[in-house]
Amino acid sequence: MRPSTPDSTADDPLDDFARRPLTLNDAMRTVYVAGHGPAVIVMAEMPGISPHVARFARWVRDAGFTVYMPSLFGRDGAYPRTEEGRAIMQRACVSAEFRAFAANESSPVTQWLRALARLAHEECGGPGVGAIGMCFTGNFALSMMLESAMLAPVMCQPSLPLSDAGAIQLAPDELAAVKERLERDDLTVLAYRFEGDRFCTAQRFQAYTAALGKRFVPRVLPTSAANPTPPPFFAEVVGCAHSVVTAHLIDAEGEPTRAARDEILAFFAQRLGREGAQSTA
């Protein structure tokens, strides 16, 4: 079967990815793997690995990287419909793995993700690993900087904690350790949001700036740059411009969301030693 196009309402079979059950820290999760080159971990937004998330993972793969895409919630490959997506989000909100409402506290699942980064580096080599988190997983890429293999963190619309629009979901001691590492190794964190996003607010970006200073590199896109016809879950449940490189991306020349995608691919290329990698057109 061929992958579905994100403009259709079909599920994506994900048949061009190897489906690997990986047990790390005594927990098994399915990880979809594809490509060659240094490793990049692509963490899906709510409500899971949608055709748009898979499209972004393929762009990363085609730019010269090995993609590791863990299944963290939802039905893998599913087109994001309203009721199914709402039910997945409700379950994740009460899950002890994510602690969606906890400020100044790290999600336990990030320990598993750090182990995945370590494994991916062992398998793929290169100078290190990149990671991108989106929405529910947005801040996970920052938490993963506690793993020494991580070199290129990208945060797209980090939305946790849901209870405090101006808080960070990272324990204070871990945040201090991440900042120290960013300074020591001269690293930066790329971050993206839409101006009118009600889940990833200006206050949240201000909190990250206060915590990380110049190591936090924010990008704020105008609401008008978002795809006006996203799938039903994003139109009816999210209800605002939100998903910068997936559901609200407009894949056309001159569009700010495509420019954001290309900047992310270039960031991975520069940090992971793939300076010759080309962005997809």
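Position 1 is the first residue of the sequence, and the numbers go up from there.
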| task | Applying side-chain contact (heavy atoms from CB on, under 4.5 Å), run through H52 and L249 and close with a yes or a no. | result | CA-CA 9 Å; H52 284 96; L249 181 142; over 6 Å; no
Distance-only, no hydrogens or angles: does the [X] side chain make a donor-acceptor pair with backbone N or O of [Y] under 3.5 Å?
{"X": "S95", "Y": "R91", "value": "no"}
{"X": "E147", "Y": "A149", "value": "yes"}
{"X": "T188", "Y": "F216", "value": "no"}
{"X": "R86", "Y": "F233", "value": "no"}
{"X": "R193", "Y": "E195", "value": "yes"}
{"X": "R114", "Y": "M150", "value": "no"}
{"X": "R81", "Y": "P232", "value": "no"}
{"X": "T223", "Y": "G196", "value": "yes"}
{"X": "T110", "Y": "L113", "value": "no"}
{"X": "S107", "Y": "F98", "value": "yes"}

Considering only distance and modelled atom types, tabulate donor-acceptor pairs under 3.5 Å from the side chains of residues 17-26, sequence neighbours left out.
| from | atom 1 | to | atom 2 | distance (Å) |
| --- | --- | --- | --- | --- |
| R20 | NH1 | E123 | OE1 | 3.0 |
| R20 | NH2 | E123 | OE2 | 2.9 |
| N25 | ND2 | Q111 | O | 3.2 |

Taking the side chain as every heavy atom from C-beta outward, state whether [X] and [Y] have any atom pair closer than 4.5 Å.
{"X": "N139", "Y": "M155", "value": "yes"}
{"X": "M134", "Y": "F56", "value": "yes"}
{"X": "P153", "Y": "L142", "value": "no"}
{"X": "Q169", "Y": "R99", "value": "yes"}
{"X": "I41", "Y": "M144", "value": "yes"}

| Pick from R219, E263, R261: which one makes a side chain to side chain donor-acceptor pair (under 3.5 Å) with Y192? | E263
| task | Verify the cluster assignment for Y79 and I49: are they in a single hydrophobic cluster under the rule of side-chain heavy atoms below 4.5 Å apart? | result | no
Which pair of non-hydrogen atoms, one from [X] and one from [Y], has the smallest distance, and what is that distance?
{"X": "P47", "Y": "F234", "value": "CD-CZ, 4.2 Å"}
{"X": "V42", "Y": "P70", "value": "O-CD, 3.3 Å"}
{"X": "A54", "Y": "D12", "value": "CB-OD2, 3.7 Å"}

| Set of residues satisfying salt bridge (Lys or Arg N to Asp or Glu O under 4.0 Å) with respect to E122, sequence neighbours excluded |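 Residues passing salt bridge (Lys or Arg N to Asp or Glu O under 4.0 Å) with E122: none at all.
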Donor-acceptor contacts, no H, no angles, side chain residues 236-248, under 3.5 Å, sequence neighbours left out:
| from | atom 1 | to | atom 2 | distance (Å) |
| --- | --- | --- | --- | --- |
| E236 | OE1 | T82 | OG1 | 2.7 |
| H242 | ND1 | D197 | OD1 | 3.2 |
| H242 | ND1 | D197 | OD2 | 2.7 |
| S243 | OG | E45 | OE1 | 2.7 |
| T246 | OG1 | E45 | OE1 | 3.1 |
| T246 | OG1 | E45 | OE2 | 2.6 |
| H248 | ND1 | H242 | N | 3.3 |
| H248 | ND1 | S243 | N | 3.0 |

| query | Among Y68, F136, F140, whose side chain to side chain contact (heavy atoms under 4.5 Å, CB included) with M43 holds? | reply | F140
| said: Taking CD in E253 as the centre, count heavy atoms belonging to other residues, nucleotides or ligands within less than 6.0 Å. Is the count above 12? | reply: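 No, because the 6.0 Å sphere around CD of E253 holds 12 heavy atoms or fewer from other groups.
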